[in-house]
Amino acid sequence: MRQTLVAGNWKMNGSLDANRQLLDGIKAGVAEGVSAKVVVCPPAIYIPQAADMLTGSPVSWGGQNLSQEKAGAFTGEISADMLTDLKCEYVIVGHSERRALYGETDALIAEKFQAAQAAGLIPLLCVGELLEEREAGDTEAVVARQLDAVLDKVGIAAMAAGIIAYEPVWAIGTGKTATPQQAQDVHAFIRQRLAQSDAGVAEKVQILYGGSVKPDNAAELFAMADIDGGLIGGASLEAESFLAICRAG
Ligand code: PEP
């Protein structure tokens, strides 16, 4: 039985004051009882604040990105060891914004996945197709390519210690959610692709859905057989909406 996980990706949003309010709200709501595992991924500069406020609570925190390099002359970058130094448990890898806006390739993302795991972080690997790729009938080919790049690099056993997020790019921040069935079909495809290498790993890996998840659509998405929670952008910036999604898990 896979536990539901709900992770908030704050992207480049927040301030000390706004984060304090948001984290206080999330902590209070989670303390009232939520069965899902709850994770927040603030901008890196605010991770120390999240660590201070969340230590001792059931809410975990993580990074939104990391360098594939261990240390050295890489101005502006943040290493896996720095994230673990701040007690991050998770890190998002290969978000579509990193792929589209910062030119991250499948090969680089595979390196980042490996670097995260080498430091003891749980990588949350994002995969998903563009609208034109879906319309051309290429969804499975795109997702398979993105997944295989990581699988080929780290091997199936390592995938067991990671998390996958299926995020159709056309649904991110657009208010257009994949229907539960559209999402389920791709989640089942991902699981079946992993099962070709190891059925046990495929059964165990959590596969989250991301793309305009809101309080009013979370429950039906999370009820699908292969959807094990969500990666939440916009709706994770407000405690009540994030908590409502966490409660749907
Ligand atoms: C995301 O950025 O991972 C995401 C799913 O964003 P949103 O929920 O705003 O679509």
Side-chain angles (χ1 to χ4, degrees), residues 4-14 18-19 22 26 36-44 46-47 50 60-66 88 90-104 109 112-113 116 121-131 133-134 139 142-143 146-147 150 162-180 182-184 186-187 190 206-222 224 226-249:
T4 300
L5 186 146
V6 179
N9 173 14
W10 295 5
K11 310 194 185 188
M12 197 172 73
N13 293 293
N19 303 344
L22 178 55
I26 293 171
K37 172 75 194 155
V38 178
V39 180
V40 294
C41 298
Y46 294 128
I47 289 174
S60 297
W61 57 97
Q64 297 177 9
N65 182 32
L66 81 165
C88 288
Y90 299 85
V91 62
I92 299 171
V93 175
H95 190 279
S96 64
E97 286 152 17
R98 301 294 318 169
R99 293 177 190 263
L101 304 175
Y102 301 98
E104 292 198 4
I109 289 160
K112 290 187 175 202
F113 188 100
L121 293 161
I122 300 173
L124 220 156
L125 170 68
C126 300
V127 296
E129 80 288 2
L130 304 170
L131 183 58
E133 293 167 334
R134 172 162 284 264
T139 297
V142 169
V143 168
Q146 294 170 336
L147 196 60
V150 178
I163 295 175
I164 296 168
Y166 168 57
E167 298 208 304
V169 180
W170 48 272
I172 297 179
T174 58
K176 275 190 215 160
T177 319
T179 64
Q182 280 175 322
Q184 165 60 26
V186 182
H187 283 231
I190 292 170
Q206 288 164 305
I207 308 177
L208 314 183
Y209 169 77
S212 299
V213 178
K214 306 284 179 225
D216 61 359
N217 60 23
E220 47 173 358
L221 284 160
F222 297 171
M224 303 306 283
D226 289 294
I227 301 184
D228 307 314
L231 180 56
I232 319 299
S236 72
L237 297 174
E238 206 260 306
E240 265 326 300
S241 57
F242 186 57
L243 286 165
I245 294 168
C246 295
R247 287 187 205 107

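Quick caveat, the model's predicted, so the values are computed rather than measured. Just follow the structure's listing: the first ligand is 1, and inside any ligand the first atom is 1.
- Protein heavy atom closest to atom 9 (O) of ligand 1, with residue, atom name and distance, is Gly234 N, 2.8 Å.
- In summary, the atoms of ligand 1 found under 4.0 Å from a heavy atom of Gly211, numbered by their order in the structure, are 5 (C), 10 (O).
- A pairwise comparison of heavy atoms in Leu243 and Ile26 identifies CD2-O, 3.8 Å as the closest pair.
- Here the closest non-hydrogen pair linking Ala244 and Pro215 is CB-CB, 3.7 Å.
- Under a 4.0 Å criterion applied to the non-hydrogen atoms of Gly173, ligand 1 contributes the atoms 7 (P), 9 (O), 10 (O).
- Of all protein heavy atoms, the one closest to atom 8 (O) of ligand 1 is Gly233 N, 2.8 Å.
- Listed by number with element, the atoms of ligand 1 under 4.0 angstrom from any heavy atom of Leu231 are 3 (O), 5 (C).
- One finds the CG atom of Leu221 at 7.0 Å from the OG1 atom of Thr177 (value rounded to the nearest 0.5 Å).
- Ring planes of His187 and Tyr209: tilted class, angle from 30 to 60°.
- Scanning Glu167, His95, Lys11 for the heavy atom closest to atom 5 (C) of ligand 1 points to Glu167.
- Distances shorter than 4.0 angstrom do not occur between any heavy atom of Ser96 and any atom of ligand 1.
- Counting all heavy atoms, side chain and backbone alike, Ala50 lies closest to Pro42 at CB-CG, 3.8 Å.
- Ser212 counts as a contact of ligand 1, since one of its heavy atoms falls under 4.0 Å from the ligand.
- In this structure, Glu129 pairs ionically with Arg134, as a charged nitrogen and a carboxylate oxygen lie closer than 4.0 Å.
- Interface atoms of ligand 1 facing Ala171, defined by a heavy-atom separation under 4.0 Å, are 10 (O).
- In Asn9, the part holding a heavy atom less than 4.0 Å from any atom of ligand 1 is the side chain.
- Contact record, Leu124 with Ala7: CD1-CB, 4.2 Å, taken as the closest heavy-atom pair.
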